[in-house]
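Presented below is the structure to which this report refers.
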Amino acid sequence: MPRKKEDTPRRIIKRTYEERHKDERKKKSIMFGTSIDREYGEEINAFLNKYGITKVELIFAGYQALQNQYGPKKTE
């Protein structure tokens with residue numbers, strides 16, 4: 001069983017800060033918790049590293065491509 005690291009003044013300050021700003025961070029960003037096959041993921045990571053693309057840029061580009069593919073939402 002892993003042992004808990006010793007509480008240092010720095011760790012306590014960081015933990016307090018994180019707890020205080022938890023809601024603020026949740027409102028600001030979202031986490032896409034998803035999994036893909038390791039082989040496919042490694043292929044994607046290699047491509048991103050080769051061209052200096054971040055995963056966030058990949059998500060934005062993919063989203064824009066899907067918007068273009070499916071068109072704007074139609075309101076009734």
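Heavy atoms only: backbone and side chains are in, while hydrogens, waters and symmetry mates are out.
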Are Tyr17 and Ile12 joined in one hydrophobic group, where the rule is that I, L, V, M, F, W and Y side chains link up if heavy atoms are under 4.5 Å apart? no
Common cluster, Ile36/Leu48, ILVMFWY with side-chain heavy-atom separation under 4.5 Å: yes
Begin with the C-alpha distance, continue with both residues' side-chain angles, and end with the deciding distance and a verdict on side chain to side chain contact (heavy atoms under 4.5 Å, CB included) for Arg15 and Glu18. CA-CA 5 Å; Arg15 198 176 303 128; Glu18 293 296 325; 5.8 Å; no
Give a yes or no on whether Tyr51 and Tyr40 share a hydrophobic cluster (residues Ile, Leu, Val, Met, Phe, Trp, Tyr; joining criterion: side-chain heavy atoms under 4.5 Å apart). yes
CD/Glu39: more than 12 non-hydrogen atoms of other groups inside 6.0 Å: no
Crowded around Arg20 CZ? As in, over 12 foreign heavy atoms under 6.0 Å? yes
Report yes if some heavy atom in the side chain of Lys14 is under 4.5 Å from a heavy atom in the side chain of Arg11; otherwise report no. no
With a 4.0 Å cut-off on N to O distance, would you call Glu42 and Arg38 a salt bridge? yes
Could you tell me which non-hydrogen atom of Leu58 sits nearest to which non-hydrogen atom of Ile53, and how far apart they are? N-CG2, 4.2 Å
Distance (rounded to the nearest 0.5 Å) between Ile44 CD1 and Asn49 CG: 12.0 Å
